[in-house]
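Data block below; observations after.
Just so it is clear, the values below take in all heavy atoms, side chains as well, and ignore hydrogens, waters and symmetry mates. In each ligand, atom 1 is the first atom listed, and ligand 1 is the first ligand listed.
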Amino acid sequence: MDFNGYLESRLEDIKRKGLYRKRFIVPENLIDFSSNDYLGLKDCEETKKVLCENIEKLSLGSGASQLVSGYKSIQKELEDFLSEFKESEDCIVLGSGYLANTGLIQALTEEGDIVFSDQFNHASIIDGIRLSRAEKVIYRHNDMNDLEDKLKKSSGRGKRFIVTDGVFSMEGDTVNFPDLKFLADRYGAVVILDDAHSTGILGNGKGTIFHYGMKPDENIIQMGTLSKAVGSYGAFVCGSRTVIDFLINRMRTVIFSTALSPIQNFISLNNLKIMVSQPFRREYILKQSEYLAENLKKLGYNIEYRGTPILSLMIGKEDKAVRLRDLLVEKGIFIQAIRPPTVPEGSSRLRITISYRHSKEDIDYLIDTLKELRDKL
Ligand SMILES: *Cc1c(COP(=O)(O)O)cnc(C)c1O
């Protein structure tokens with residue numbers, strides 16, 4: 001069997017559709033407008049310094065899964081910090097957001113349950129539902145009427161879950177959480193809230209629930225990643241003591257995966273403390289995001305500020321988005337083109353993210369460059 005020949009023909013298909021991807025090491029001299037390092041913490045000098053001072057005390061690896069012997073005091077400290085920060089009873093830290101969502105949904109659901117999921121939820125949520133035996137019901141993006149219709153129509157004796165991103169990773173908009181939670185309570189559903197992009201940004205950095213002046217309760221599970229605004233790596237799930245206890249016993253991505261390195265957890269904890277004590281980082285990026293969107297809109301671009309540092313410059317055609325990306329690279333700017341299957345066909349875009357690393361001059365340079373390139377498209 002010519003297996004490699006077969007894969008090559010599949011790759012040819014992908015290329016023909018304009019969907020071929022390559023990894024790209026963004027050169028140091030390009031201004032990176034594509035990273036999720038919103039608060040500029042991935043290169044935090046303060047944390048680097050404290051890490052050097054403590055490196056002797058830290059193991060390089062955890063050595064085992066959490067339930068064997070990989071659970072260390074630095075992880076417990078990180079979990080305690082996150083529990084308090086998210087105002088929840090308990091917390092578990094694990095490998096990544098992808099592992100959190102896939103493990104969480106699979107662990108909590110069983111045959112006969114129904115998971116209601118926003119159309120634009122992150123791929124890790126979709127994969128989590130696929131791994132579970134629960135029935136999946138997709139509702140239109142952030143459409144609470146559609147969600148209610150679907151809750152009403154569904155029957156069965158199983159448990160119900162509503163799972164949603166807090167801030168949607170590609171659109172940069174925020175879930176209508178008050179209405180969603182109202183429906184969840186009315187129809188007896190548990191809410192799984194993915195605060196990957198909300199943590200550090202919304203609600204004074206505490207996340208989506210706090211953005212709306214609401215409080216967590218035992219029927220809300222908050223997850224988030226430490227790899228975006230926190231600038232580290234790993235993820236967390238916050239919830240009631242019972243939920244976390246159950247996850248420890250049932251979540252396969254915790255049980256069968258090695259615990260994070262103590263060094264990584266140390267970095268997360270330090271960056272979190274800096275994130276909380278330096279609100280000016282968040283304030284700066286939100287102001288700059290609004291400024292950028294307003295100026296690009298004036299130039300005739302299809303872009304909207306939605307209260308987050310994620311700005312989708314809508315282009316449409318796959319090849320056009322790729323061309324704009326390449327033209328920007330020539331000008332010293334890197335913005336990745338986002339294409340299907342990450343976004344629906346014909347809605348290819350340049351996903352611009354603003355970071356605390358960007359100076360006002362960087363942002364003005366982006367505006368000037370896009371002004372210049374507008375007519376070349
Ligand atoms: C990035 C992301 C994840 C995955 O987190 P990782 O730590 O990168 O694996 C999960 N959910 C959402 C909404 C995300 O944007």
Using atom types as modelled and distance alone, determine if a side-chain donor or acceptor of K159 lies under 3.5 Å from a backbone N or O of I114. no
For N271 and T47, test the side chains for any donor-to-acceptor distance below 3.5 angstrom and give the result as yes or no. yes
One residue to check: S169. Relative to ligand 1, which of side chain, backbone, both or neither has a non-hydrogen atom less than 4.0 Å away? side chain
Atoms of ligand 1 less than 4.0 Å from D165 heavy atoms? 13 (C)
Heteroatom proximity flag, Y233 to ligand 1, N/O under 3.5 Å: no
What do you reckon, does S124 put a non-hydrogen atom under 4.0 Å from ligand 1? yes
Does anything in residues 366-377 pair up under side chain to side chain donor-acceptor pair (under 3.5 Å), and if so which pairs, sequence neighbours excluded? K331-E372
Side chain or backbone, does T225 bring an N or O within less than 3.5 Å of an N or O on ligand 1? yes
Judged by non-hydrogen atoms, does K228 sit under 4.0 Å from ligand 1? yes
Would you mind telling me if ligand 1 is within reach of the side chain of N36, the backbone, both or neither, using heavy atoms under 4.0 Å? neither
May I ask you to say whether R323 pairs ionically with D319, meaning some side-chain N is under 4.0 Å from a carboxylate O? no
Would you mind running through ligand 1 and noting each atom that sits below 4.0 Å from a heavy atom of N101? 10 (C), 11 (N)
Where do R16 and E12 land on the salt bridge (charged side-chain N to carboxylate O under 4.0 Å, His left out) test, with the steps shown first? CA-CA 6 Å; R16 227 173 295 122; E12 280 312 314; 5.3 Å; no
Among all the protein's non-hydrogen atoms, which is closest to atom 9 (O) of ligand 1, and how far away is it? Y98 N, 2.9 Å
With heavy atoms of D194 as the reference, note each atom of ligand 1 found under 4.0 Å away. 10 (C), 11 (N), 12 (C), 13 (C)
At less than 4.0 angstrom from any non-hydrogen atom of H197, what atoms of ligand 1 do you find? 14 (C), 15 (O)
Find all atoms of ligand 1 within a distance of less than 4.0 Å from any non-hydrogen atom belonging to S96, and give their numbers and elements. 7 (O), 9 (O)
G97: numbered ligand 1 atoms lying under 4.0 Å from its heavy atoms: 4 (C), 5 (O), 6 (P), 7 (O), 9 (O)
Counting N and O atoms only, with roles assigned by atom type, does the side chain of S312 sit under 3.5 Å from a partner on the main chain of M170, one being a donor and the other an acceptor? yes
Residues K17, E318: salt bridge by 4.0 Å N-O rule: no
Parallel, tilted or perpendicular: which describes the rings of Y212 and F177, with under 30° parallel and over 60° perpendicular? parallel
Minimum heavy-atom separation for R357 and D362, please, with both atom names. O-OD2, 4.0 Å
Starting from atom 8 (O) of ligand 1, what is the nearest protein heavy atom, named by residue and atom, and what distance separates them? S227 OG, 3.6 Å
